[in-house]
Amino acid sequence: MTFTQNFTAVGGSLAWSAIVAVIPILYFFWALAIKKMKGYMAGVTTLLVSLILATIAFKVPVGTAIMSATQGAVYGLLPIGWIIITSVFLYNITVKTGNFNIIRHSVLSITEDRRIQALLVAFSFGAFLEGAAGFGAPVAISAALLVGLGFNPLYAAGLCLIANTAPVAFGAIGVPITAMEGPTGIAAFEISKMVGRQLPFLAVFIPFFLVLIMTGLKKAWEVMPAILVSGISFSLTQFLSSNFLGPELPDVLSALVSLFALAVFMKFWQPKTIYRFASELKATTDPQAIKSFSGGTILKSWSPFIILTAFISCWGIPVVKSALTGNYNGTNVILQGINAVGQAVTFTAEVPLLHNQVLNGTTEEPLAAFYKLELLGAAGTAIFLAAIVTKFIFKVSWHEWGKTFVETLNEIKYPLITICSVVAYAYVTNTAGMMTTLALVLAKTGVLFPFFAPVLGWLGVFITGSDTSSNVLFAKLQQITAESVGMEPVLALAANASGGVTGKMISPQSIAVAAAAVGLVGRESELIRFALKYSVMLLLFICILTFLQSNVLAWMIP
């Protein structure tokens with residue numbers, strides 16, 4: 001039995017339908033921030049609430065709603081859950097072999113100041129991982145690194161969630177931007193230019209914001225030279241690359257430039273006082289211990305993350321990605337071989353009771369629905385291969401390697417439940433048309449729509465956990481609404497992407513990833529309370545900027 005999405009399902013009213021549609025979102029915030037439920041309980045119960053509302057209020061057939069949830073759960077497990085498993089696994093290997101202690105000293109040799117460490121690891125290195133892989137890997141790896149350096153787990157996770165704001169729109173080799181070209185017909189390069197005239201204004205501020213959150217204004221001012229080097233080098237590179245090269249490389253280039261610029265700058269400048277957390281001892285490291293490690297030893301200890309970077313960078317190259325997923329049609333012999341393996345381990349199946357059984361409420365076109373497991377093409381597989389190579393570099397026995405993997409699975413079993421349940425919830429709300437209902441309400445704001453356009457992206461990323469998914473979901477709606485109110489469509493599309501990045505830090509998926517990486521399982525409520533106010537503040541900044549660009553700053557639109 002087919003189901004047609006009805007955006008006025010509750011009493012024939014868009015307003016009442018939107019009120020019902022927002023209930024699962026409000027419930028999730030209540031469950032985590034107020035009730036302080038454990039993450040997996042909040043996720044599972046939010047899924048149940050959405051299923052009940054979808055079937056009763058939005059009239060989705062029970063079987064269709066349930067199968068939609070299973071589709072989301074599968075996607076939550078692969079690729080998202082697989083990235084978390086392998087990221088934490090790789091980190092655990094470096095800790096167990098004692099190599100993380102050497103990594104820690106190598107970072108301390110650049111600076112013992114916690115403020116600068118946050119800029120190097122959370123901001124620059126995290127942005128690089130976002131640009132190369134995305135899907136949770138940046139927060140998982142950079143937060144684990146900070147904890148290993150001695151950061152409080154809550155601060156490490158929270159800072160990495162906030163730092164991940166700057167690169168998200170261009171993450172995973174520009175996929176969030178290129179994904180909008182198909183539904184809208186607007187060239188990805190044009191969208192890239194517009195995002196590149198919004199996001200750098202946010203990116204240049206994020207390093208200062210991070211240090212301000214950590215230490216307060218006075219201590220932040222002490223390292224202002226380093227903050228300026230980090231923020232300006234990143235944002236300037238992001239602007240130039242997005243406007244002259246396209247959407248694929250802004251994150252990778254910006255991250256590398258800011259990382260090396262700050263590291264070189266620290267050779268010539270150091271803050272007058274070294275900042276450490278109040279809970280730390282006065283001396284956190286022995287300078288002689290730093291000098292005792294040779295360059296080769298330090299390089300060997302960093303090798304898991306160097307290899308990881310190489311693998312996930314390759315996985316992000318479009319032509320390699322197509323081969324890994326079995327979709328390569330070229331003549332390169334090596335890629336053809338990879339393509340054959342990719343096809344063998346890529347499994348696709350129609351979702352029963354869902355595939356082509358749901359009709360789009362606007363176009364009445366059937367919506368395709370597949371279970372898709374791209375085992376070789378998943379970014380988590382790239383990280384897993386890095387863990388295999390690391391096993392040989394560190395000379396870890398297969399027994400110890402396997403034991404560490406099992407321990408990692410046991411460590412993050414509850415975050416996996418959280419992730420699968422919240423992604424399942426996102427799929428249910430999309431199938432029911434609940435997300436589109438909320439979007440249609442915002443679209444009725446008329447001349448104020450430029451101010452509210454980023455809110456759609458924020459909402460989409462909060463629900464789906466992905467700027468790509470949010471852009472695909474709302475791109476056409478943004479385009480049509482913008483044209484109807486006299487707003488430049490490319491600005492509306494950029495607003496969706498830029499607004500979305502501010503929702504990433506409070507997405508249930510991101511919260512679960514961060515909690516798992518730093519050992520805060522069951523304390524997700526603390527993380528969302530930590531990040532929520534900053535998410536709203538940064539969203540407001542993007543809303544004001546978009547409104548100004550639609551009016552007095554219209555000259556900034558390409």
Side-chain angles (χ1 to χ4, degrees), residues 107 110-127 130 138-139 142-143 145-147 149-168 198-236 238 254-255 258-259 261-263 265-266 269-280 458 498 501-506 510-511 514 518 526-545:
V107 175
I110 299 175
T111 177
E112 293 183 56
D113 194 291
R114 296 305 193 191
R115 297 165 293 188
I116 310 300
Q117 291 171 4
L119 296 181
L120 289 167
V121 177
F123 184 67
S124 297
F125 186 60
E130 179 65 41
V139 171
S142 55
L145 281 169
L146 285 183
V147 170
L149 288 170
F151 277 63
N152 174 283
L154 178 65
Y155 257 80
L159 292 174
C160 288
L161 284 169
I162 295 167
N164 197 43
T165 300
V168 163
Q198 288 189 323
L199 212 53
F201 290 103
L202 189 68
V204 74
F205 178 66
I206 292 297
F208 174 72
F209 201 46
L210 289 177
V211 180
L212 182 68
I213 292 168
M214 282 179 64
T215 66
L217 182 59
K218 184 179 179 181
K219 294 292 184 183
W221 192 258
E222 292 177 357
V223 291
M224 188 56 71
I227 289 172
L228 291 174
V229 168
S230 180
I232 292 174
S233 62
F234 185 97
S235 57
L236 184 60
Q238 189 180 59
S254 301
S258 66
L259 186 64
L262 183 55
F265 181 71
M266 296 308 295
W269 177 91
Q270 288 287 337
K272 290 181 179 179
T273 58
I274 300 299
Y275 177 80
R276 300 185 182 92
F277 298 115
S279 58
E280 294 182 287
W458 179 86
S498 299
V501 307
T502 65
K504 185 79 170 180
M505 69 181 76
I506 58 167
S510 298
I511 294 291
V518 300
E526 295 177 46
L527 267 179
I528 201 165
R529 289 201 304 274
F530 179 90
L532 180 59
K533 55 183 176 291
Y534 304 120
S535 175
V536 174
M537 289 167 59
L538 295 175
L539 171 64
L540 183 60
F541 173 82
I542 294 295
C543 288
I544 293 171
L545 177 62

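Since the model is a prediction, treat every value here as computed from it, not as a measurement.
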Side-chain donor-acceptor contacts of residues 152-168 below 3.5 Å, not counting sequence neighbours, with atom names and distances?
from: Asn152; atom 1: OD1; to: Leu154; atom 2: N; distance (Å): 2.8
from: Asn152; atom 1: OD1; to: Tyr155; atom 2: N; distance (Å): 3.2
from: Asn164; atom 1: ND2; to: Glu130; atom 2: OE1; distance (Å): 3.4
from: Thr165; atom 1: OG1; to: Ile162; atom 2: O; distance (Å): 2.8

Can you measure from [atom1] ([X]) to [atom2] ([Y]) and round to the nearest 0.5 angstrom?
X	Y	atom1	atom2	result
Phe123	Ile116	CZ	CD1	13.0 Å
Phe234	Leu262	CZ	CG	13.0 Å
Ile206	Ile227	CD1	CD1	12.0 Å
Ile110	Gln270	CD1	CD	9.5 Å
Ile511	Ile528	CD1	CD1	5.0 Å

What heavy-atom pair brings [X] and [Y] nearest, and what distance separates the two atoms?
X	Y	value
Gln238	Ala203	OE1-CB, 3.8 Å
Met214	Tyr275	O-OH, 3.6 Å
Pro225	Phe265	CB-CZ, 3.7 Å
Val204	Phe201	CG1-O, 3.4 Å

Taking Arg114 for the side chain and Leu149 for the main chain, is one N or O donor matched with an acceptor at less than 3.5 Å?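 It does hold such a pair.
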
Judged by atom type as modelled, is there a donor-acceptor pair below 3.5 Å linking the side chain of Gln117 to the main-chain atoms of Thr111?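 Judged by distance alone, yes, a pair lies under 3.5 Å.
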
Counting C-beta onward and ignoring hydrogens, is there a side-chain heavy-atom pair between [X] and [Y] closer than 4.5 Å?
X	Y	result
Ile506	Trp458	yes
Val501	Leu202	yes
Met505	Leu538	yes

Using the side chain to side chain donor-acceptor pair (under 3.5 Å) rule, collect all pairs that involve residues 219-228, keeping only residues at least two apart or in two chains.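 Non-adjacent pairs meeting side chain to side chain donor-acceptor pair (under 3.5 Å): Arg115-Glu222, Glu222-Thr273.
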
ring-ring contact (aromatic ring centres under 6.0 Å, His included) partners of Phe209, counting only residues at least two apart: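 For Phe209, the residues satisfying ring-ring contact (aromatic ring centres under 6.0 Å, His included) (neighbours in sequence not counted) are Phe205, Tyr534.
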
Apply the test side-chain contact (heavy atoms from CB on, under 4.5 Å) to residues Val223 and Trp269: give CA-CA distance (whole Å), side-chain angles for both, the deciding distance (0.1 Å), then the verdict. CA-CA 10 Å; Val223 291; Trp269 177 91; 4.2 Å; yes

After noting the C-alpha distance and the side-chain angles of Met537 and Thr502, does the key distance pass the side-chain contact (heavy atoms from CB on, under 4.5 Å) rule? CA-CA 9 Å; Met537 289 167 59; Thr502 65; over 6 Å; no

Kindly write out the residues that satisfy side chain to side chain donor-acceptor pair (under 3.5 Å) with [X], not counting sequence neighbours, or none if the list is empty.
X	value
Ser498	Gln198
Ser235	none
Ser258	Ser124

Checking Leu540 now: which residues fulfil side chain to side chain contact (heavy atoms under 4.5 Å, CB included) with it, not counting sequence neighbours?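 Listed in chain order: Phe451, Ile544.
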
Residues, nucleotides or ligands: over 12 heavy atoms within 6.0 Å of Lys218 NZ: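 Check fails, neighbour count at 12 or below.
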
